[in-house]
Amino acid sequence: MSLIKVQGVIIKSINISESDKIVTLFSDKLGKIDAVVHGARRSRSKFLSSTQPFCYCDYVVYKGKNLYTINQSSIIESFQSILMNLDKLAYGSYFLELVDNITEKEMKYVSILAMLLKTLYILVHGDVDLELLRLTVSFKAISLAGYMPRLKGCVKCGSKMDYGVFSIKEGGILCSKCSIDGEYVYELNRQTLHFLHTLKNIKLEDLRYIKYERKMVEYLQNILTKYIMYYTEKDFKSISLINTIKEKGVV
Ligand SMILES: [Zn+2]
């Protein structure tokens with residue numbers, strides 16, 4: 001049994017018995033792994049806090065036949081305040097789900113882990129519009145995971161353009177000659193396309209300084225969510241909670 005030290009964030013937790021659970025750990029050295037935590041649900045367990053979603057810890061794990069087991073843990077940042085605020089919990093859950101949906105098991109995604117941590121810190125401090133943060137993180141994350149849509153030049157003929165239609169199925173923008181009608185096709189005007197390029201390059205910590213229209217952010221988020229679901233073939237459970245919060249006008 002060889003012990004491996006990793007740092008990572010718990011992105012999912014499933015109870016498997018009255019005392020045990022399986023967590024999905026998004027880690028630096030092993031990538032995304034599933035790990036059993038024995039006794040984690042007992043009230044006096046040393047793993048009680050360190051195996052909750054959002055928790056960022058040093059872990060010691062070992063590999064069994066099918067799964068890893070967490071042997072030791074030491075909390076670096078628990079992000080507990082996310083769990084205590086409904087808006088933060090909804091958006092935080094979306095970020096964990098996003099990372100889970102766009103990554104494969106046991107592949108390293110060091111940049112996505114770094115971005116997730118930065119996102120969670122921003123979420124805790126709460127000085128960025130959560131919808132703007134969600135759009136920017138979604139867009140950057142799919143680029144880092146290799147799902148980047150093509151936004152410079154028509155996907156079909158290559159002609160240069162600064163507006164057009166975005167086709168989810170074609171994976172990028174199309175010029176007026178190549179554009180097609182139908183499902184999964186959305187207009188992108190100059191301003192919107194320019195805004196997407198801005199988001200691609202901006203640092204998350206600078207988001208609070210940019211000017212934007214909330215309508216445009218929501219329009220783009222709708223396209224991006226469909227895009228991610230189309231290519232990953234996975235659903236987002238957290239979106240219904242976000243939508244409920246938005247309908248009530250909280251966010
Ligand atoms: Zn074209």
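One is the number of the first residue; the rest follow in order along the sequence.
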Taking atom [atom1] as the centre, does [X] end up with more than 12 heavy-atom neighbours from other residues, nucleotides or ligands that are less than 6.0 angstrom away?
X	atom1	value
His197	NE2	yes
Lys29	NZ	yes
Lys118	NZ	yes
Tyr163	OH	no

Single hit among Lys63, Lys12, Lys105 for salt bridge (charged side-chain N to carboxylate O under 4.0 Å, His left out) with Asp34: Lys105
Using the ring of each side chain (for Trp, its six-membered ring), is Tyr219 parallel, tilted or perpendicular to Tyr186, with breaks at 30° and 60°? perpendicular
Between [X] and [Y], is any side-chain donor less than 3.5 angstrom from a side-chain acceptor?
X	Y	value
Thr192	Asn189	yes
Tyr212	Asp129	yes
Tyr59	Ser50	no

List in chain and number order the residues that pass salt bridge (Lys or Arg N to Asp or Glu O under 4.0 Å) with Lys169, two or more places apart in sequence or in another chain; answer none if no residue qualifies. none
Partners passing salt bridge (Lys or Arg N to Asp or Glu O under 4.0 Å) against Lys32 (at least two apart in sequence or in another chain): Asp100
Looking only at heavy atoms, which two atoms of [X] and [Y] are closest? And how far apart?
X	Y	value
Lys140	Lys200	NZ-O, 3.0 Å
Ile70	Ala35	CG1-CB, 3.8 Å
Ser17	Asp20	OG-N, 3.0 Å

Rounded to the nearest 0.5 Å, how far apart are CD1 of Ile112 and CG of Leu98? 8.0 Å
Does the side chain of Ile239 come within less than 4.5 Å of Arg134's, by heavy atoms? yes
Are Cys154 and Met161 close enough, and set up right, to give a side chain to side chain contact (heavy atoms under 4.5 Å, CB included), and what steps lead you there? CA-CA 7 Å; Cys154 173; Met161 52 201 277; 3.7 Å; yes
Carefully, step by step, assess Lys237 and Glu97 under the rule salt bridge (charged side-chain N to carboxylate O under 4.0 Å, His left out). CA-CA 8 Å; Lys237 290 180 196 142; Glu97 210 176 3; 5.6 Å; no
Is the distance from the ring center of Phe79 to that of Tyr121 below 6.0 Å? yes
Using ring pair (Phe, Tyr, Trp, His ring centres under 6.0 Å), reason through Tyr91 and Phe95 one step at a time and then give a plain yes or no. CA-CA 6 Å; Tyr91 283 82; Phe95 295 130; 7.0 Å; no
